[in-house]
There are 2 protein chains.
Amino acid sequence: MKRKNLSKAECPVARSLDVIGDWWSLLIIRDAFDGINRFSALQKNLGIARSMLTARLQELVEHGVLETAPASDGTAYQEYVLTEMGRGLFPVIVALRQWGEANLYQPGEQHSVLLETQTGKPVTRLELRSRENQVLKWRDTMVRKLSPDGKH
Amino acid sequence: MKRKNLSKAECPVARSLDVIGDWWSLLIIRDAFDGINRFSALQKNLGIARSMLTARLQELVEHGVLETAPASDGTAYQEYVLTEMGRGLFPVIVALRQWGEANLYQPGEQHSVLLETQTGKPVTRLELRSRENQVLKWRDTMVRKLSPDGKH
DNA sequence: GAAAACAGGTCTCATAATAAGACCGGAATA
DNA sequence: TATTCCGGTCTTATTATGAGACCTGTTTTC
């Protein structure tokens, strides 16, 4: 009766969710992108139970999304920083952000905004483009499955 | 002691996760993108408990991600299909897929692949681009927060 | 047309995950 | 040196999940 294990799935979406698909992981990763790297800072910012945070951080380190590093302020403590693999989740976070912005706020309701550092302007929409640089919508794509049972 | 409610968060990532951030929702949505729209087909494909699937589908319908429609095969049953809002999650699914492909498979290990329908070629990498069409990495962006406490 | 199988659920129960907060030892600070 | 901060662990109460029995109406098979 444990939660399903998706780590062997043939579908990359499922494998990703096996690593970062639970309730807190992506919020921790979002905070890491924002420079919130210390245990107590994460705990305070997220309002997560301390035992939960311990467990989640451990999992993310085991999976290679985060790694521990000596604290940047010179103290004896440590920080949790994104690995190269973890930084690869940037498009996931941006996609979630843009979907939320577009669909989950009332007109006029305020939210934080992602800016281009150089210009200070809001970033543009994340889009999948074809090899001819056309925007690809869902219907322009298809999944090639591998297994005979139709799973993927 | 209920699970945290993020629906009022100022951060769009958090609001998104409030809707689709639990263990099954994104897998259900992935299946919907793949044309798996019937209760029993979802249940079989995902291996999810029936009671869980009922609850998740209800939530996704309430949030406007899915809607029910008469079955496309003419029977008296119904289907769960993506709404416009739900179809907006396409970049999220693609981003998760590409991260999984890049990081969670052994060399040589096979997985399903997303193709451009027109050409049959694998889709290219989803990338955030600046207004000058340069690829934006994490460090090229920053979040403008709203609240004084530094949350977002 | 009757029987069997399928579709789309509900209900119950056992177990796992989560939230809340007390507690604790070492590090940093006043 | 005393006090507070940091990064946890432990316990307990509650909620979520997984497994599967059961149920009603629909469709298919014979």
Side-chain angles (χ1 to χ4, degrees), chain A residues 1-9 14 17-28 31-32 35-63 66-81 150, chain B residues 1-9 14 17-28 31-32 35-63 66-81 150:
Chain A
M1 294 189 181
K2 279 186 188 172
R3 196 165 61 179
K4 284 277 187 291
N5 179 343
L6 303 171
S7 64
K8 301 290 171 50
L17 291 174
D18 191 68
V19 175
I20 55 161
D22 52 46
W23 190 241
W24 287 111
S25 295
L26 277 169
L27 289 169
I28 292 170
D31 276 7
I36 301 175
N37 297 319
R38 295 278 285 259
F39 185 94
S40 53
L42 288 165
Q43 198 272 322
K44 187 183 296 181
N45 192 55
L46 295 172
I48 186 177
R50 307 170 75 72
S51 48
M52 269 291 90
L53 182 56
T54 302
R56 287 288 166 268
L57 288 173
Q58 229 167 60
E59 282 177 20
L60 289 171
V61 168
E62 276 168 19
H63 281 116
L66 298 177
E67 63 190 350
T68 55
S72 51
D73 62 1
T75 60
Y77 301 118
Q78 61 175 358
E79 295 181 346
Y80 293 89
V81 299
Chain B
M1 292 189 180
K2 278 186 190 173
R3 195 166 62 178
K4 284 276 187 289
N5 178 343
L6 303 171
S7 64
K8 302 289 171 49
L17 292 174
D18 191 68
V19 174
I20 55 161
D22 53 47
W23 190 243
W24 288 110
S25 295
L26 277 170
L27 289 169
I28 292 170
D31 275 7
I36 302 175
N37 297 319
R38 295 277 286 258
F39 185 93
S40 54
L42 288 165
Q43 197 271 324
K44 187 182 297 181
N45 193 56
L46 295 171
I48 185 177
R50 308 170 72 74
S51 48
M52 269 292 88
L53 181 56
T54 301
R56 287 288 165 268
L57 288 172
Q58 231 166 60
E59 283 176 21
L60 290 171
V61 168
E62 277 169 19
H63 281 115
L66 297 177
E67 63 190 350
T68 55
S72 52
D73 61 1
T75 60
Y77 301 117
Q78 62 175 359
E79 295 180 346
Y80 294 88
V81 298

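So you know, we letter chains A, B, ... as the sequences are listed, proteins then strands, and number each from 1. Being a predicted model, the structure only gives us computed values, none of them experimental.
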Steps toward side-chain contact (heavy atoms from CB on, under 4.5 Å) verdict (A/Gln78, A/Phe39): CA-CA 8 Å; A/Gln78 61 175 358; A/Phe39 185 94; over 6 Å; no
Worked check of side-chain contact (heavy atoms from CB on, under 4.5 Å) between A/Tyr80 and A/Asp31: CA-CA 10 Å; A/Tyr80 293 89; A/Asp31 276 7; over 6 Å; no
Between A/Trp24 and A/Leu42, is a side-chain contact (heavy atoms from CB on, under 4.5 Å) present by the stated rule, with each step listed? CA-CA 11 Å; A/Trp24 287 111; A/Leu42 288 165; over 6 Å; no
Take A/Ile28 and A/Leu53, measure what side-chain contact (heavy atoms from CB on, under 4.5 Å) needs, and give me the verdict at the end. CA-CA 9 Å; A/Ile28 292 170; A/Leu53 182 56; 3.8 Å; yes
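Distances from the side chain of A/Gln78 to the nucleotides D/dG18, C/dA17, D/dG8 place D/dG8 closest. With C/dA19, D/dG18, C/dG9 as the choices, the nucleotide that has an atom nearest any side-chain atom of B/Thr54 turns out to be C/dG9. In the set C/dA19, D/dA19, C/dG8, C/dA19 carries the atom at the smallest distance from any side-chain atom of A/Ala49.
Protein atom CE of A/Met52 is 18 Å distant from nucleotide atom P of D/dT14, rounded to whole Å. Rounded to an integer number of Å, the gap from A/Leu53 CG to C/dA20 C1' is 14 Å. Atom NZ in A/Lys44 sits about 11 Å away from atom P in D/dG7, given to the nearest Å. One can place CD1 of B/Ile48 at 13 Å from P of C/dG9, the figure rounded to the nearest angstrom. Rounded to whole Å, the distance from CD on B/Glu79 to P on C/dG9 is 12 Å. Rounded to an integer number of Å, the gap from A/Trp23 CH2 to D/dT14 P is 21 Å. A/Arg3 has its CZ atom 13 Å from the P atom of C/dA16, to the nearest Å. One interatomic measurement links the two molecules: CZ of A/Arg38 to P of D/dG8, which rounds to 10 Å at whole-angstrom precision.
Using a 4.0 Å cut-off, some side-chain N or O of A/Ser40 falls inside it from OP1 or OP2 of D/dG7. Between A/Lys4 and D/dA19, a side-chain N or O to OP1/OP2 separation shorter than 4.0 Å is present. Distances shorter than 4.0 Å separate some side-chain N or O of A/Trp24 from OP1 or OP2 on C/dA19. Residue A/Tyr80 places at least one side-chain N or O under 4.0 Å from the OP1 or OP2 atom of D/dG8. The side chain of A/Arg56 places no N or O atom within less than 4.0 Å of a non-bridging phosphate oxygen (OP1 or OP2) of C/dA17.
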Letter per nucleotide, 5' to 3', of nucleotides 24-30 of chain C [B base touched, S only sugar-phosphate touched, - untouched; heavy atoms, 4.0 Å]: --BBS--
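B/Arg50 contributes a side-chain N or O that forms a donor-acceptor pair with the base of C/dG8 under 3.5 Å.
A donor-acceptor pair is defined here as one N or O able to donate and one able to accept, closer than 3.5 Å; such a pair exists between the side chain of A/Gln43 and the backbone of A/Ile48. Judged purely by atom type and a 3.5 angstrom limit, B/Ser25 has no side-chain atom pairing as donor or acceptor with the backbone of B/Gly21.
To the nearest 0.5 Å, the span separating CD1 on A/Ile36 from CG on A/Asn45 amounts to 4.0 Å.
Side chains of A/Asp73 and A/Arg38 form a contact here, defined as non-hydrogen atoms less than 4.5 Å apart. Looking only at side-chain heavy atoms (C-beta outward), B/Leu46 and B/Arg56 stay at 4.5 Å or farther from each other.
Taking five base pairs at each end of the helix from C/dG1-D/dC30 to C/dA30-D/dT1 and finding the rotation axis that steps the C1' atoms of four pairs onto the next four gives two axes whose angle is 30°, to the nearest 10°.
Mapping B/Leu57 and A/Asp22 onto DNA chain C via the closest heavy atom, the residue that lands nearer the 5' end is B/Leu57.
Residues A/Asp18 and A/Leu6 approach most closely at OD1-N, 2.9 Å, considering heavy atoms.
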